[in-house]
S.K.: 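One structure coming up, written as structure tokens, with questions to follow.
Chain letters run A, B, ... following the sequence lines, proteins first and then strands; every chain starts at 1.
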Amino acid sequence: MIEIKNVSKWYGSFQVLNHCSTHVRKGEVVVVCGPSGSGKSTLIKTVNALEPFQKGEITVDGISVGDSKTDLPKLRAKIGMVFQNFELFPHMKITENLTIGQIKVLGRSPDEARERGLKMLDRVGLIDQMDKYPGQLSGGQQQRVAIARALSMDPIAMLFDEPTSALDPEMINEVLDVMVELAQEGMTMMCVTHEMGFARKVAHRVIFMDQGSIVEDATKDDFFGKPRSERAQQFLSKILHH
Amino acid sequence: MGELDFDVIGRSLPYLLKGLQYTVQLTLVAALGGTVFGTLLALARLSSFKPVALVAAGYVNLMRSLPLLLVIFWFYFLVPVLIQQVTGSERPPQIGAERSAYITFIMFEAAYFCEIMRAGIQSISRGQIGAAYAVGLTYWQSMKLIILPQAFRNMLPVLLTQSIILFQDVSLVSLLNVTDFVGAAVKIAQRDSRIVEMYLFVAIVYFVLCYTLSLMVKRLQHRIAIVR
Ligand SMILES: Nc1ncnc2c1ncn2[C@@H]1O[C@H](COP(=O)(O)OP(=O)(O)O)[C@@H](O)[C@H]1O
Ligand SMILES: [Mg+2]
């Protein structure tokens with residue numbers, strides 16, 4: 001579904017991504033972890049072309065992301081993305097947040113979009129919040145709405161960039177629960193997260209990044225059994241301590 | 001000079017009100033036009049396509065470095081001559097002071113509104129444009145539906161304050177012999193030799209209007225701050 005081949009990216013002379021190669025198969029859940037600044041956000045954002053890259057190739061569902069002829073809005077509409085800071089549209093009600101993409105991008109009628117959006121909102125357990133503005137919801141609720149917004153577009157894959165790191169501890173689980181459920185239903189997912197409980201529960205593979213490179217790309221059991229690289233071992237021991 | 005005679009105001013009120021009406025009209029048109037063109041200029045200045053950004057920045061910096069009065073004279077006296085040179089016609093085209101004033105103020109204010117809207121757009125977190133793109137919106141859709149409405153709301157008090165300044169600056173067109181509020185008052189003052197009365201009256205009207213408006217802007221600012 002997602003193929004990343006030899007991708008490199010520079011900010012000026014600083015190399016953020018260094019020959020990154022990996023893939024996410026249909027129905028697969030891949031967790032990306034690594035120290036802060038290692039390029040995880042940058043890598044995941046190259047998949048839906050929010051970040052351009054200079055070298056290598058990425059294809060999503062057979063479509064080349066880096067090709068200048070690719071209709072990027074159309075491609076992005078097929079991939080759901082959830083951000084660290086939720087990024088709901090604060091000037092729109094929850095219902096509008098859920099329908100705007102469906103109406104403007106997929107060309108659905110307002111009624112159809114609303115029906116689909118509310119179904120997804122119900123699924124994340126927030127149907128009673130539909131007429132509020134994002135600012136009136138807690139962080140955990142906002143993130144669940146953000147997931148519902150992405151799902152309303154009927155995506156073929158979902159990208160998550162540290163979806164729980166901006167949340168108060170007591171709200172992390174309500175978001176993880178939604179993600180676990182999604183994973184168990186067979187959604188194709190690429191998740192940047194340090195929630196190793198989540199990784200153990202639903203991930204098929206775990207990728208470890210360091211200084212712009214993919215250092216480790218292993219099945220979940222291999223990764224948690226004994227990571228081959230020393231950096232990954234250190235990293236794991238640090239984050240598993242608490 | 002003799003006694004003050006405030007009856008002159010009552011006698012000439014219809015004429016003065018017509019002048020005030022022109023002033024208000026020019027202010028509104030220039031504020032709206034300035035906001036529209038200013039927003040386009042702001043998008044151009046923030047464009048990642050460098051030539052577009054440079055041209056917009058050049059225009060804005062030029063306008064902001066020239067005294068308004070000079071720009072007014074430029075448009076009124078020199079632009080027709082320039083047009084004549086370019087088109088090679090026999091006489092300079094007659095644009096007329098009133099039309100010239102509309103064009104001048106829209107173009108001049110656009111530079112100031114541009115800087116306000118640019119600050120407004122930059123006040124929106126980069127994640128918002130990322131989220132807009134991620135749901136599949138195009139650049140123009142993202143701007144129109146997501147970024148500009150938020151930028152505009154955040155900047156509304158500043159835009160209104162700039163419009164109040166504009167309302168005062170519009171009085172400069174009286175130097176082109178246009179009958180705006182000040183222009184009308186000047187004409188009456190000279191015709192009836194009632195300079196003190198008329199200038200006092202104009203000052204009071206300006207003060208009451210501008211001060212009331214600025215109080216309203218302040219209240220609006222509070223409300224916006226609470227909603228956010
Ligand atoms: N716009 C940018 N310009 C320059 N450097 C950047 C920019 N964005 C990110 N970086 C740098 O790229 C590196 C990787 O960033 P990021 O992908 O956000 O890391 P992570 O998500 O793993 O914490 C960091 O060192 C960061 O400082
Ligand atoms: Mg990150």
S.K.: How close do A:P73 and B:G136 get, counting heavy atoms only, and between which atoms?
M.R.: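 Looking at all heavy atoms of both residues, the shortest contact is CB-O, 3.2 Å.
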
S.K.: For B:Y211, look at atom OH and say whether over 12 heavy atoms of other residues, nucleotides or ligands are found less than 6.0 Å away.
M.R.: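 Open.
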
S.K.: What part of A:L88 lies closer than 4.5 angstrom to a heavy atom of chain B: side chain, backbone, both or neither?
M.R.: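 Interface part for A:L88: backbone (N, CA, C, O).
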
S.K.: Less than 4.5 Å to any heavy atom of chain B: does that hold for the side chain of A:F89, its backbone, both, or neither?
M.R.: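 For A:F89, heavy atoms of backbone and side chain both lie under 4.5 Å from chain B.
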
S.K.: What closest approach, in Å, do A:F83 and B:A134 show between heavy atoms, and which atom pair accounts for it?
M.R.: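 Taking A:F83 first and B:A134 second, the nearest heavy atoms are CZ-CB, 4.0 Å.
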
S.K.: What heavy-atom pair brings B:V135 and A:V105 nearest, and what distance separates the two atoms?
M.R.: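 Closest pair (atom of B:V135, atom of A:V105, distance): O-CG2, 3.6 Å.
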
S.K.: Need one label for B:L145: side chain, backbone, both or neither, based on atoms under 4.5 Å from any heavy atom in chain A.
M.R.: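 Both backbone and side chain of B:L145 come within 4.5 Å of chain A.
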
S.K.: Taking donor and acceptor roles from the modelled atom types, list the N and O pairs under 3.5 Å across chain B and chain A.
M.R.:
| unit_1 | atom_1 | unit_2 | atom_2 | d |
| --- | --- | --- | --- | --- |
| B:Q128 | N | A:E87 | OE1 | 3.4 |
| B:Q128 | NE2 | A:E87 | OE1 | 3.1 |
| B:Q128 | NE2 | A:L88 | O | 2.9 |
| B:L145 | O | A:H91 | NE2 | 2.8 |

S.K.: If I measure from the heavy atoms of chain B, does A:I79 come under 4.5 Å with its side chain, its backbone, both, or neither?
M.R.: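 The answer is the backbone of A:I79.
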
S.K.: Give the table of side-chain donor-acceptor pairs shorter than 3.5 Å for residues 22-38 of chain B, with sequence neighbours excluded, one pair per line with atom names and distance.
M.R.:
| unit_1 | atom_1 | unit_2 | atom_2 | d |
| --- | --- | --- | --- | --- |
| B:T23 | OG1 | B:G19 | O | 3.2 |
| B:T23 | OG1 | B:F181 | N | 2.9 |
| B:Q25 | NE2 | B:Y102 | OH | 3.3 |
| B:T27 | OG1 | B:T23 | O | 2.7 |
| B:T35 | OG1 | B:A31 | O | 2.6 |

